[in-house]
S.K.: 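Just dropping this structure here.
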Number of protein chains: 2
Amino acid sequence: MKKEIKKQHFQKEVEKEMEIFEDLLKKDGLKVTAQRLLVAEKIFSLHSHFTAESLSDMFKDKRDEISKATIYRILSIMVKANLLIENDFGKDYKYYEHIIGHEHHDHIICMDCNRIVEFFEPKIEELQEKIAESNNFTIKGHSLNIYANCKKGSSCEHLNSNYK
Amino acid sequence: MKKEIKKQHFQKEVEKEMEIFEDLLKKDGLKVTAQRLLVAEKIFSLHSHFTAESLSDMFKDKRDEISKATIYRILSIMVKANLLIENDFGKDYKYYEHIIGHEHHDHIICMDCNRIVEFFEPKIEELQEKIAESNNFTIKGHSLNIYANCKKGSSCEHLNSNYK
DNA sequence: GTTTGTGCAAATCATTTGCACCGCG
DNA sequence: CGCGGTGCAAATGATTTGCACAAAC
């Protein structure tokens, strides 16, 4: 029962997000295509980090296969529109996460199992602001990645990487 | 006169660093070649961030031109030996800085002029340690980049980018 | 109908690698 | 000498792009 409620909640969220996305397309004179809707819906329904590759794979088995070129073009639109955050975790490909309903946060990247953990520390944010200020800069953004190992016996050991 | 003292100081520093580098090569059974000495000496004498490209360019006009492949191979040796830090500033190439005599620090990257400013904030370091700890991780490293614009009237406006 | 999007294959660009020759130890 | 190092050119791999055709408005 609880599960059902949660699912409905998520569906409602996704609908709301899809509306924002479609409005954005129209506002910018971009066309509402099947590929854009499918990709955006998939992205909004994901609740973890993904790569262009992993996103592409999600359409591999379906009749709705979408070319990598198009995937990249849609990701680019959504990043520019601030619907998506592009993360560089030191690999040679990018990680994405959708931003609506997700407060700003930083990341711990586990070097053992590739797990990505989010955290938010207001004091760090505040200190960054001060540092930029005292150096005569205006902060436009930041990226803080903690690279770490999971300790022996942590739940990490049981997980497989979802990330290539 | 002061300048002279400073220059001597730097030269002494570089000599010390070169000794460390040569010892490292020998210890690891690697050969002491002209290219390795030239590149290391150049790196130790630099006091700002550089790229494989910019480093390569520094040898372009001299009779001692060194191939990019060799440059990359030497950079790799020095990074593995902890003589060099490899930084990802959100561009599609890496930035390097030599580490001997340079305390750990984080970076502000100016999006207007590409200037890179270093800073160190012990409180942020401490908070990161706590965050990792409370999530059952052992920190192996971190990267904190603040992306910013220089304020109107700052010295930034007069500088040209040294980075491609 | 015109303009924009898509898929494909080719291009790009930093970095890596195979290989033949070179030079340190 | 013998093995590791270097330079060259080709390979790599994620992402981008030109182009012809297809779909949206």
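All chains are named by letter (A, B, ...) in the order of the sequence lines, taking the proteins before the strands, and each is independently numbered beginning at 1. Predicted model only: the values in this text are computed from it and were never measured.
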S.K.: Taking the side chain of B:Thr70 as its heavy atoms from C-beta onward, which of D:dG7, D:dA14, C:dG7 lies nearest to it?
M.R.: D:dG7
S.K.: Which listed nucleotide (C:dT6, D:dG5, C:dA14) is nearest to the side chain of B:Tyr72?
M.R.: C:dA14
S.K.: Nearest whole angstrom, please: distance from the C1' of D:dA23 to the CD of A:Gln35.
M.R.: 9 Å
S.K.: Does the pair A:Glu13/A:Lys16 count as a salt bridge with the N-to-O cut at 4.0 Å?
M.R.: yes
S.K.: Could you state the atom-to-atom distance from CG of A:Leu75 to P of D:dT15 in whole Å?
M.R.: 9 Å
S.K.: Starting from the 5' end of DNA chain D, give me the residue, B:Ser67 or B:Gly29, whose nearest nucleotide shows up first.
M.R.: B:Gly29
S.K.: If two hydrophobic side chains count as joined below 4.5 Å and joins carry through other members, does A:Leu46 share a cluster with A:Ile100?
M.R.: yes
S.K.: Where does the angle between the aromatic ring planes of A:His49 and A:His105 fall among parallel (under 30°), tilted (30 to 60°) and perpendicular (over 60°)?
M.R.: perpendicular
S.K.: How long is the straight-line distance from CG of B:Leu30 back to CZ of B:Arg73, given to the nearest 0.5 Å?
M.R.: 13.0 Å
S.K.: Scan A:Lys94 against the nucleic acid and name what it touches under 4.0 Å (heavy atoms): base, sugar-phosphate only, or nothing.
M.R.: sugar-phosphate
S.K.: Looking at the rings of A:Phe44 and A:His98, which for Trp means the six-membered one, are their centres under 6.0 Å apart?
M.R.: yes
S.K.: According to a strict under-4.0 Å criterion, is A:Arg36 in side-chain N/O contact with OP1 or OP2 of C:dT4?
M.R.: no
S.K.: Whole-Å distance between D:dT15 P and A:Ile74 CD1?
M.R.: 15 Å
S.K.: Between B:His142 and A:Tyr147, is the ring centre distance below 6.0 Å?
M.R.: no
S.K.: List the protein contact pattern of nucleotides 19-25 of chain C with one symbol per nucleotide (5' to 3'): B for base contact, S for sugar-phosphate-only contact, - for none; contact means a heavy-atom distance under 4.0 Å.
M.R.: ----BBS
S.K.: Can you list every pair that meets salt bridge (charged side-chain N to carboxylate O under 4.0 Å, His left out) and has a residue in residues 117-128 of chain B, with sequence neighbours left out?
M.R.: B:Glu126-B:Lys130
S.K.: Using atom CG of A:Leu25 as one end and atom C1' of D:dA24 as the other, report the distance to the nearest whole Å.
M.R.: 12 Å
S.K.: Counting heavy atoms from C-beta on, name the nucleotide in D:dT6, D:dC8, C:dA14 closest to the side chain of B:Ala69.
M.R.: D:dC8
S.K.: Over how many whole Å does the gap from A:Asp92 atom CG to C:dT12 atom C1' extend?
M.R.: 15 Å
S.K.: Decide if atom CD of B:Glu65 counts as having more than 12 heavy atoms of other residues, nucleotides or ligands within a radius under 6.0 Å.
M.R.: yes
S.K.: What's the CG-P distance between A:Leu38 and C:dT6, to the nearest Å?
M.R.: 11 Å
S.K.: Would you mind checking if A:Arg36 and A:Glu22 are paired as a salt bridge, meaning a charged N to carboxylate O distance below 4.0 Å?
M.R.: no
S.K.: Could you tell me the separation between the CD1 atom of A:Ile71 and the P atom of C:dG7, rounded to a whole number of Å?
M.R.: 9 Å
S.K.: From CD1 of B:Ile66 over to C1' of D:dT6, roughly how many Å is that when rounded to an integer?
M.R.: 10 Å
S.K.: Heavy-atom contacts under 4.0 Å between residues 76-88 of chain A and DNA chain D, which residues?
M.R.: none
